[in-house]
Amino acid sequence: MPELPEVEIVKQSLEKSVKYKRILTIIINNRNLRFKVDKFLQNKLKNKKIISLYRKAKYLILELENKKFLAIHFGMSGTLHLLRQGMKNNTNLSFYKDKNLPSKHNHLIFVFDQFEIIYNDPRRFGFIKFFENNISLKNYLSSYALDPLDINFKFTDFQKKIEKRNKNIKNILLDQKIVSGIGNIYASEILFSSKINPLILGKKLKLYQIKNLYKYSKIVLKNAILKGGSSIRDFKNVVGKKGLFQKEFKVYHRQNETCNNKKCNYKIKKILISNRSTFYCKNCQK
DNA sequence: AAGAGGCCCTGATAGC
DNA sequence: TGCTATCAGGGCCTCT
């Protein structure tokens, strides 16, 4: 589910339910995520109230009472499921019956008074980190660049990071140390809107092209959030609602289909860049 | 120091 | 139908 818009949708759909609610306990079924889940996580979260939720890049951050924090990264296949009481199943665990809840890979369960939140992740590329204070969280996040929707994301900083780079702009957009939050889908979509060929090197870009990237990275991500994110495969928000942005893809997953731009009849191409699928229009993106 | 590629893992789908 | 191969919204680590 995992690029910036999908994490934002998870945050938005979860917020009302968990804000100011207390985590009674957590159940850890499998500690083997991308990084091993903290042995003492249960003790650290037990009876902690959630003060606020926010998103940084592709991280969902839970602020807990006494300035503790929990950061969740969804990797490639992580999802959260909100399950309310009254949907209770009769299994031995405290699971609740829900058609959206997969039967396998429910690695973590956050137990609240009236509901549970389940972290599911088949590929286990996601991870969860606990932070004892604001400083350690900030320190951890400081190794990432700002994301395009951050109010402090400034054009001159973005330009400086790109203009001397000897790597292609697609990989630049995926580099979380240059700009965070963009993944494989939105990199292709942003490049199409910016009319930039994904293979062009950062140092070859003209000023107006970097301006376009700065502009459309915001526009494309914001629009995706407005549409509820992209539900290719199985992304849903925490109560099982699908996003609609996949219907608006201009290039992603559209290989051999005709370019959407008026007066262009080229077919969308699919190429591999660093072994990841990349989609673009050879005619519209120079 | 920066860039390219391998690798972690499971499941869905395509192709034979 | 049933096997195998390929491909997935990510990012860390290693090698050059």
Side-chain angles (χ1 to χ4, degrees), chain A residues 1-11 29-37 55-60 71-80 102-107 119-129 140-141 143-145 147-148 160-191 198-204 217 220-221 223-225 227-237 242-249 251-256 270-279:
Chain A
M1 63 146 85
E3 299 182 49
L4 183 154
E6 290 73 37
V7 180
E8 179 66 25
I9 291 301
V10 170
K11 179 240 154 189
N29 291 325
N30 187 355
R31 288 178 56 212
N32 298 306
L33 300 183
R34 179 70 155 85
F35 306 111
K36 204 145 188 137
V37 174
R55 179 195 53 71
K56 278 274 178 189
K58 299 176 190 172
Y59 285 89
L60 174 66
I72 304 176
H73 193 292
F74 297 97
M76 290 280 256
S77 59
T79 48
L80 287 180
S103 55
K104 290 169 77 175
H105 310 300
N106 292 313
H107 306 312
Y119 178 76
N120 181 283
D121 189 355
R123 295 178 74 179
R124 290 189 270 120
F125 288 167
F127 54 92
I128 292 193
K129 276 185 190 293
Y140 178 77
L141 293 175
S143 65
Y144 289 84
D147 66 63
K160 272 181 202 155
K161 286 180 173 173
I162 291 177
E163 64 189 359
K164 295 200 172 91
R165 289 308 183 110
N166 202 26
K167 67 174 173 182
N168 64 68
I169 188 61
K170 163 79 181 324
N171 276 341
I172 286 177
L173 291 183
L174 290 180
D175 187 337
Q176 305 296 303
K177 290 182 166 55
I178 296 175
V179 53
S180 67
I182 299 171
N184 203 44
I185 290 179
Y186 297 104
S188 280
E189 293 297 315
I190 289 166
L191 286 166
L199 290 165
I200 195 169
L201 299 181
K203 65 181 181 184
K204 299 276 188 191
S217 60
V220 170
L221 296 175
N223 192 23
I225 293 168
K227 297 293 175 342
S230 301
S231 291
I232 74 165
R233 235 164 287 302
D234 219 17
F235 169 73
K236 289 168 181 141
N237 72 15
K242 284 192 174 190
L244 295 172
F245 192 72
Q246 68 282 4
K247 293 178 194 289
E248 313 223 349
F249 288 162
V251 287
Y252 189 82
H253 249 323
R254 294 193 66 237
Q255 66 272 28
N256 302 324
K270 174 182 176 177
I271 59 171
L272 288 182
I273 296 179
S274 296
N275 265 325
R276 307 204 67 190
S277 297
T278 308
F279 304 84

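Naming convention: chains lettered A, B, ... in sequence-line order (proteins, then strands); numbering from 1 in each chain.
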> Among pairs that include at least one residue of residues 166-178 of chain A, which meet salt bridge (charged side-chain N to carboxylate O under 4.0 Å, His left out), considering only residues two or more places apart or in two chains?
Replying inline: A/Lys167-A/Asp175
Could you pull out the protein-nucleic contacts involving nucleotides 12-14 of chain B (nitrogen or oxygen on both sides, under 3.5 Å)?
none

> Given the P atoms of B/dA14 and C/dG9, what is the spacing between them in whole Å?
Replying inline: 16 Å
> When only distance counts, do a donor and an acceptor, one from the side chain of A/Arg123 and one from the base of B/dC9, lie under 3.5 Å apart?
Replying inline: yes
>> Among C/dG10, C/dA8, B/dG3, which nucleotide has an atom closest to any side-chain atom of A/Lys270?
In response: C/dA8
> Would you call the rings of A/Phe127 and A/Tyr59 parallel, tilted or perpendicular, where under 30° means parallel and over 60° means perpendicular?
Replying inline: perpendicular
>> Salt bridge check, A/Asp147 against A/Arg55: does any charged N sit closer than 4.0 Å to a carboxylate O?
In response: yes
> salt bridge (charged side-chain N to carboxylate O under 4.0 Å, His left out) with A/Asp121: which residues, sequence neighbours excluded?
Replying inline: none
> Can a cation-pi geometry be assigned to A/Lys129 and A/Phe35, taking NZ or CZ under 6.0 Å from the six-membered ring centre and within 45° of the ring axis?
Replying inline: yes
>> Looking at C/dA8, I'd like to know if its phosphate oxygens (OP1 or OP2) sit under 4.0 Å from a side-chain N or O belonging to A/Ser277.
In response: yes
> Would you say the side chains of A/Ser230 and A/Tyr186 form a donor-acceptor pair under 3.5 Å?
Replying inline: yes
>> Please classify B/dG6 as syn or anti, treating any glycosidic angle within 90° of 0 as syn.
In response: anti
> Is there a stack between A/Phe125 and C/dG10, judged by ring centres under 5.5 Å and planes under 30°?
Replying inline: yes
> Is A/Glu3 reaching over with its side chain to a backbone N or O of A/Ile182, donor-acceptor style, under 3.5 angstrom?
Replying inline: no
> Quick one: does A/Glu189's side chain have a donor or acceptor within less than 3.5 Å of a partner on A/Val220's backbone?
Replying inline: no
>> Holding to salt bridge (charged side-chain N to carboxylate O under 4.0 Å, His left out), I want the full list of residues that pass it with A/Lys227, two or more places apart in sequence or in another chain.
In response: A/Glu248
> Taking only N and O in the side chain of A/Asn275, is any of them less than 4.0 Å away from OP1 or OP2 of B/dG5?
Replying inline: no
> Is the shortest side-chain N/O distance from A/His253 to OP1 or OP2 of C/dG9 below 4.0 Å?
Replying inline: no
>> Check the orientation of A/Phe279 and A/His253. Use parallel for under 30°, tilted for 30 to 60°, and perpendicular for over 60°.
In response: tilted
>> Using a 4.0 Å heavy-atom cut-off, does A/Asn166 contact any base of the nucleic acid, only the sugar-phosphate backbone, or nothing at all?
In response: sugar-phosphate
>> For A/Asn30 versus A/Val37, what's the shortest heavy-atom pair and its separation?
In response: O-CG2, 4.4 Å
>> Does the protein touch nucleotides 11-16 of chain C at the base, only the backbone, or not at all? Give it as B, S and - per nucleotide, heavy atoms under 4.0 Å.
In response: BS----
> When Watson-Crick pairs (N1 to N3 and N6-O4 or O6-N4) and G-U wobble pairs (N1-O2 and O6-N3) count only below 3.5 Å on both distances, what is the dot-bracket string of DNA chain C, with | for other-strand pairs?
Replying inline: .|||||||.|||||||
